[in-house]
Structures are given as C-alpha cells and as structure tokens.
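Right, one structure below, let's go through it.
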Amino acid sequence: MEWFASRLLRWFDEHGRKDLPWQRDIDAYRVWVSEIMLQQTQVTTVIPYFERFMARFPTVVDLAAADIDEVLHLWSGLGYYARARNLHRAAQRVAEELNGQFPATPEALEALPGIGRSTAAAIAAIACGKRAAILDGNVKRVLARFHAVPGHPGQTQTLKALWAHAEAHTPEDRIAHYTQAIMDLGATVCTRVRPACTRCPLAGRCEARSRDATASFPERRPAKAKPERAARLFLIVDSAGACLLEQRPVDGLWGGLWTPPERPVDTQAVSVCEEFSINETQIAAFHQAPPFRHTFTHFHLDIHPVYVRLDPGSPRAMDRPGVLWFAPATPQAVGLSAPAAKLLASLSTDLQEFQRT
DNA sequence: TACACGTGGGG
DNA sequence: TCCCCAAGTGT
C-alpha cells in the first residue's frame, strides 16, 4: 500500500471516529440514509435526525411504504428537502424493482435518485467493501492542500484534478476504513481554519504545508452578492387556534412542505383570505408583526408575518388538496419549513400578545 | 455550465 | 451582524 493510504489508516486506527450512529449495525440502508443526510450537513446536526428516522423507518421497505408527508416531517429542519423526496423515491424503487436488495456497485447506486458520484462511492466502499473513491468537502480540502491544487473546487478543471488524486490514493485493502479515515482527517485535523498540522499523519509530504500556505488551499470561491427578497407570510388562524397552511410546489424552495401562504409584500390579508374562500366579514382582527430575516445560501428573505384571526363559528375554508388546517396542539405529521415551524410553535403566545396591544 | 437548493455553526 | 461553508445532486 502506498505511503498516503498507509499513513492515513495507521492514524485512523488511533484517532478515527468509530462510534457514530451509522457506524453501528452497518448495512447498506443505514449507510445510504446517513450519507444522504450528511450531504452539505454537519455530523452533529445529522445525529438526532438519523436516530429518529431509523426508529421510524428501520428498513428500506418501511421507508418505501411510508407517506411522503411523514418522510418530510422527519426531515423538517434538516434542509435540502429534495434529498428526502429522492430518498423516498429511491426506496420505492429498491423495494419494488430490486426486491429490497441494495445495488452493490457504484454504477448501479448512482442510477438511484439523490445518489451522485461521491455518495455512490461512499456507500459502495463503506457498506460493500468495494474500491471506490469519494470526493466530499473534507477530501477536497485534504487533497487540495496535500497536492497544492490551484483553483477553487467549483471549477471543472480543479474538480477533475481532485478526482484524479482521490482515485490515485484509494487503496484496495481496508477500503471502508480508508474512506472514513480521509473524511475524519478533513473534519478533525485538516480543518478549514487553523488546521492542526502537528497532528497530521500526512504533514511530512504535504505540499501546502511545505510552502507554509495551508490557508491558500483550497482557494476560496469568488464572493457573490446575495439578493434581498421580502414576502408576507399570512398566519390565518381560526377560533380553535388552527392555522391555514398550503402545500408548496414540489419543485423549488421548500418543495412539498406546508407553509402559511407566502405572498408579495404588497398583498392584502383580505385578498389572501378570498383565495381560500374566506369572506372579509369572517375576519375578527389582523395584526402585522415585525419582520425577521431568514438567511439562505443564495439570498436573504425578510419575512413579514401578518396574523389574521377569524370569527368564532365562521366556517373553515373548504378542505381541498394542498390546503391544511394545522393545529399546533395536535400537530399533523407533515413537513414544515424552519420559519413555519418557528411561527407555529409560538402561535398562541403571539396571538395573546397582539390581543393585549 | 452555472445555478438552485436549507439550515446552523464558527470566525 | 455578516460572511463562509458543511459527508453534493439535479437541472
């Protein structure tokens, strides 16, 4: 085995992480779910979601049989909800077309929705012992520094070079440990800021280290200005405290999740109520709360909440597909965006506050 | 090929 | 308060 993998594996035996939830009772399903959850998401964030998800869906057949609303419910707050929808679709395909058996090759895995090149390799390596190279954020950082790879990883040329290095270092033996090891090194030693080079098993041949330029690799992506957006969020609440939610289109932001109606800032409460067959005469009171900012990767959204209280006894808007009265006291198992969950959690408190003022 | 897609932590 | 970005994929 070559120097790189050999040094890394020796370090892993002593310092690697071996007690994460998905490292117990290893099978392809558990590894798959963990890898999807871990896409663009840190380990400490994933752990409680993974535990809840596995308790509810112990096997791929359980997941395949579930309602998508319940899957999104367990994903609420984790972000990138297309991951949950793809996970559900892939589970159904595995259960129905593959007799519940996971593919064991990177090629077959990558054919499933939500599984790309790196995730396919991770599952094949960790769960099936197949030699396959991964390239996640940790590995990119380790390799960019070790080989002093110029350019930022968003550039095609840079990405290609990093993949080539990843393939070249991947050993035949102990592939599962190696895969975990290189991620662990990036996560705990070769960190984005202030890497602990004195504890690094690869420091002796690290090109960035020898140039005393670890901070220059990988190169930072050019910063872009984040657009500012604003929207009103209408919290239409009946006398029982239930709040009207609508299901968002599956494509786009918060796809498939349920949120209070989000409309342009110049939208009036009366016109939104009209959309849901609520007459103006049924509105008991409304109140505009101070806006708060929700920050996304690509833009800022200033959310202006508008609370609309309906008269007691006034008939609810008709139940139709895509419309739901959400009772915070007895929550339905549906997916909620983080801002929606936050507003619904404090709904009764906020309403009492407004009544006083 | 860029861009969209969430949320929370750290500097 | 603001910026970067983390076990990436799909279009």
Side-chain angles (χ1 to χ4, degrees), chain A residues 16-17 20-23 31-50 72 75-87 89-90 109-123 125-127 133-142 152-160 162-163 166 179-188 190-194 215 218-229 248-257 259 292-301 303 335-342:
Chain A
R17 295 177 291 188
L20 296 169
W22 44 89
Q23 294 176 319
V31 171
W32 171 50
V33 172
S34 73
E35 289 297 333
I36 301 299
M37 286 189 171
L38 286 160
Q39 287 171 0
Q40 300 288 283
T41 311
Q42 298 192 343
V43 168
T44 53
T45 303
V46 165
I47 288 173
Y49 284 88
F50 180 81
L72 287 171
W75 210 273
S76 290
L78 199 51
Y80 283 146
Y81 299 96
R83 294 183 295 174
R85 299 193 302 272
N86 286 332
L87 195 71
R89 280 202 298 145
L109 285 162
E110 202 173 341
L112 293 170
I115 301 181
R117 180 174 176 182
S118 187
T119 300
I123 297 169
I126 294 171
I134 63 161
L135 189 62
D136 65 3
N138 289 311
V139 181
K140 284 174 185 170
R141 192 167 52 253
V142 170
H152 69 269
Q155 295 174 304
T156 306
Q157 209 175 357
T158 305
L159 200 58
K160 192 177 172 185
L162 291 171
W163 269 113
T179 302
Q180 188 63 47
I182 194 165
M183 288 191 286
D184 284 359
L185 189 76
T188 66
C190 193
T191 48
R192 189 162 62 89
V193 291
R194 299 161 61 87
E219 279 179 24
R220 317 172 67 86
R221 86 176 56 215
K224 279 184 185 169
K226 289 182 183 175
E228 307 266 350
R229 301 185 200 173
R248 303 178 65 98
V250 290
D251 297 313
L253 189 66
W254 296 320
L257 272 59
T259 68
F292 61 92
R293 170 161 287 201
H294 194 73
T295 303
F296 296 89
T297 308
H298 293 87
F299 64 96
H300 299 291
L301 179 63
I303 297 174
L336 301 173
S337 67
K342 178 179 149 191

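- Donor-acceptor pairing under 3.5 Å, judged by distance alone, is absent between the side chain of R141(A) and the base of dA6(C).
- In this structure, of dT9(C), dT7(B), dG6(B), it is dT7(B) that holds the atom nearest to the side chain of P339(A).
- For S118(A), whose side chain is taken as the heavy atoms from C-beta onward, the closest listed nucleotide among dG8(C), dT1(B), dA7(C) is dG8(C).
- If you measure from atom CG of L135(A) to atom P of dG8(C), you get 9 Å, rounded to the nearest angstrom.
- The side chain of A223(A) sits closest to dC4(C) out of dG6(B), dC4(C), dT7(B).
- Under 4.0 Å is where a charged nitrogen must lie from a carboxylate oxygen, and between R293(A) and E228(A) at least one such pair does.
- Using a 4.0 Å heavy-atom distance criterion, G252(A) is classed as a sugar-phosphate-only contact.
- Under 4.0 angstrom from either OP1 or OP2 of dT7(B) there lies at least one side-chain N or O belonging to W254(A).
- Comparing dG11(B), dT7(B), dA6(C) by their closest approach to the side chain of V193(A) singles out dG11(B).
- One can find a donor-acceptor pair under 3.5 Å joining the base of dG6(B) and the side-chain atoms of T41(A).
- Comparing atom distances between the Q40(A) side chain and each of dG6(B), dC5(C), dC5(B) picks out dG6(B) as nearest.
- Between the side chain of T45(A) and the base of dG8(B) there is no donor-acceptor pair of N/O atoms closer than 3.5 Å.
- Within the nucleic acid shown, T156(A) comes within 4.0 Å of sugar-phosphate atoms alone, with no base atom in reach, counting heavy atoms only.
- Residue H294(A) places at least one side-chain N or O closer than 4.0 Å to OP1 or OP2 of dT7(B).
- Of the listed nucleotides (dG6(B), dC3(C), dA7(C)), dC3(C) has the atom at the smallest distance from the side chain of H300(A).
- At a threshold of 4.0 angstrom between heavy atoms, the contacts of W75(A) with the nucleic acid are absent.
- With a 4.5 Å cut-off on side-chain heavy atoms, T158(A) and E219(A) do not count as touching.
- For Q39(A), whose side chain is taken as the heavy atoms from C-beta onward, the closest listed nucleotide among dC4(C), dA7(C), dT9(C) is dT9(C).
- No N or O donor and acceptor, one from the side chain of T295(A) and one from the base of dT7(B), sit under 3.5 Å apart.
- By the 30° and 60° cut-offs, the orientation of the rings of F296(A) relative to W254(A) is tilted.
- Distances shown here put a side-chain N or O of Y81(A) below 4.0 Å from the OP1 or OP2 atom of dT7(B).
- Within the 4.0 Å cut-off from OP1 or OP2 of dC3(B), at least one side-chain nitrogen or oxygen of K224(A) is found.
- Atom CZ of R221(A) has 12 or fewer heavy atoms from other residues, nucleotides or ligands within 6.0 Å.
- For L38(A), counting side-chain heavy atoms from C-beta on, the closest listed nucleotide (dT1(B), dA7(C), dG6(B)) is dA7(C).
- Candidate nucleotides dG8(C), dA7(C), dC5(B) were compared by shortest atom distance to the side chain of Q180(A), and dA7(C) ranks first.
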